[in-house]
Number of protein chains: 2
Amino acid sequence: MIRIAVVDDKMNNRKVITDKLSRNNFFTLVFQAVNGEDFLQQMRALPEDDQPHIVLMDLEMPHVDGVSAIGTASSLYPDIKFVVLTIFDDDDKIFRAIKAGACGYLLKEESGEVINEMLMNLWESGAGPISPSIAYKILQMVQKPVTADTVVKNDDNLFQLSEREKEILQLLSQGLEYKEIGVKIFISPNTVKKHCISIYQKLHVNSRSQALRIAYTKGLID
Amino acid sequence: MIRIAVVDDKMNNRKVITDKLSRNNFFTLVFQAVNGEDFLQQMRALPEDDQPHIVLMDLEMPHVDGVSAIGTASSLYPDIKFVVLTIFDDDDKIFRAIKAGACGYLLKEESGEVINEMLMNLWESGAGPISPSIAYKILQMVQKPVTADTVVKNDDNLFQLSEREKEILQLLSQGLEYKEIGVKIFISPNTVKKHCISIYQKLHVNSRSQALRIAYTKGLID
DNA sequence: TACCGATTACTCCATTTGGATAATTTTTAA
DNA sequence: TTAAAAATTATCCAAATGGAGTAATCGGTA
């Protein structure tokens, strides 16, 4: 039995996709969420045995969007497969979703049969499901030589951390505590702490260890 | 009418693919070639009006292989679409073929229907045809473009951690706290803490962050 | 049998951390 | 120039962490 979670802010969209999934008896819908924050919250409260194997995630959502939710969750739950399911297909979104850790990218226009088949294949072979037109765009990303544009996007800051925050995350990764960091960069330990909490909020986590996991696995530190 | 050329050194392969193509009346086979050199030579001798719109190219061929033929031809004939059609799917070949200018990458195992449909789609929308398993490999290229520095994993337990300690270090890296780890592996949080402190002693550190730094950089965790 | 390492579990204590809130200054962008 | 964003500092509180010590249990070994 393949456990699936669906994250989409539009009620109707959720209904459409869950209807499609319900045609295959191997799929069980474990929960739905209306945005990234809701999803991360529900994940935290979920016993491991009930965690989804696959998460279908829309990108355009209020509060915490899909890219950012995938970024956090793919670090925190490395065994879960995150598949983008959206109507949008602009290059930047695709690129950022992949960078964030999505293993597949499906367009909502795909038929229920195709979606079900591709998800079954993901389960059986581990191959991420990708709509043909998206696949071609990804190919073009590889094809294009590295331009200044892509370089910018590459170090573009999935989590929107400020320079100071990145600096402090770096120091955190070295195992320093508030006081030590304060001494090192000549600010109060209280300020260091404030920065840390801001970092956690942007990464959608609530502890240093979780922040560091994301930092290491997403290459946020040198 | 879509003009197609097929390049493959094996006679039988050529027959299989041309048979598949012949099922669709929109396709015309303009010529066949047995290797890259043969292909380039025939192209040179061809009037522009007879040039193929699409070239299906095998990769493993004598004299001039598919990658290098695509590299040359995609520059000389920028309007022609080059589609790799092969049984091989190792990462390096895929990458080099794309870089050389291939707009699609199909596996020979694809059915005639799928191949015909994808080529029609290439003609109509310009989207390069890509077999799903190849698409997923390309996605992974975008996801982690660097590679190269694959951390050499230590079999020999540099820090002499016990099995239990390694297990707990693993869980620590996931951002769990004492309580959560205790629940997960059915022991008291006090014991978890005791293990942590033992780990710190063996790693010669005195905080979780420092332990995690060593764990990540020395490949102590998966 | 007696010893050893690994695992389990507990207590007491000081320090660190995460979170909420508030306020001021500096920098940046419109 | 004004408004917004980022950086700074602080305080209060509850929870988690690191450290030290003590001890019981189990499996294998000298």
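Chain identifiers are assigned alphabetically (A, B, ...) following the order of the sequence lines, protein sequences preceding nucleic acid strands; residue numbering begins at 1 within each chain. Worth knowing before you read on, the calculation uses all heavy atoms, side chains too, and leaves out hydrogens, waters and symmetry mates.
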How many Å lie between CG on Leu203(B) and P on dG18(D), as a whole number? 12 Å

Walk me through it: do Ile17(A) and Asp8(A) pass the test side chain to side chain contact (heavy atoms under 4.5 Å, CB included)? CA-CA 10 Å; Ile17(A) 179 63; Asp8(A) 196 311; over 6 Å; no

In whole angstrom, what separates Tyr178(A)'s OH from dT17(C)'s C1'? 5 Å

Indicate the atoms forming the closest heavy-atom contact of Ile80(A) with Gln51(A), along with that distance. CD1-OE1, 3.9 Å

Smallest separation among heavy atoms of Tyr136(A) and Cys103(B), with atom names: CE1-O, 3.3 Å

Tell me the interatomic distance from His195(B), atom NE2, to dC10(C), atom C1', rounded to whole angstroms. 14 Å

Contact class for Ile187(B) (heavy atom, under 4.0 Å): base, sugar-phosphate, or nothing? sugar-phosphate

Base, sugar-phosphate alone, or nothing: which one does Ser198(A) contact when heavy atoms must sit under 4.0 Å apart? nothing

Please check the phosphate of dT8(C) (OP1 and OP2 only) for any side-chain N or O of Arg164(B) closer than 4.0 Å. yes

Of Lys202(B) and Tyr200(A), the one whose closest nucleotide on DNA chain C sits nearer the 5' end is Lys202(B)

Tell me the interatomic distance from Ile185(A), atom CD1, to dT8(D), atom P, rounded to whole angstroms. 7 Å

Starting from P on dT17(D), measure out to CD1 on Ile168(B) and report it in whole angstrom. 13 Å

Of the nucleotides dA10(D), dT17(C), dC10(C), which has the atom closest to the Glu177(A) side chain? dT17(C)

Give Thr191(A) one of three labels, base, sugar-phosphate or nothing, depending on what nucleic acid heavy atoms sit under 4.0 Å from its own. base

Within this structure, what is the CD-to-C1' distance between Glu167(A) and dA6(D), rounded to whole angstrom? 14 Å

Heavy atoms under 4.0 Å, any strand shown: does Lys194(A) hit a base, just sugar-phosphate, or nothing? base

Given 3.5 Å as the limit, does a donor-acceptor pair link the side chain of Gln143(A) with the main chain of Lys99(B), or not? no

Identify which nucleotide among dA6(D), dA9(C), dG18(C) has an atom closest to any side-chain atom of Ser162(A), counting heavy atoms from C-beta outward. dA6(D)

Here the distance between atom C1' of dA10(D) and atom CG of Asn190(A), to the nearest Å, is 6 Å

Measuring to OP1 and OP2 of dA10(D), would you say a side-chain N or O of Ser188(A) lies under 4.0 angstrom away? yes

Where do Thr86(B) and Lys93(B) land on the side chain to side chain donor-acceptor pair (under 3.5 Å) test, with the steps shown first? CA-CA 10 Å; Thr86(B) 186; Lys93(B) 280 225 168 47; over 6 Å; no

Can you tell me the distance, in whole Å, between the CD1 atom of Ile197(A) and the P atom of dC12(D)? 16 Å

Lys193(B) near the nucleic acid: base, sugar-phosphate alone, or nothing, with a heavy-atom cut-off under 4.0 Å? base

Closest to the Gln201(A) side chain: dA20(C), dA7(D), dA9(C)? dA20(C)

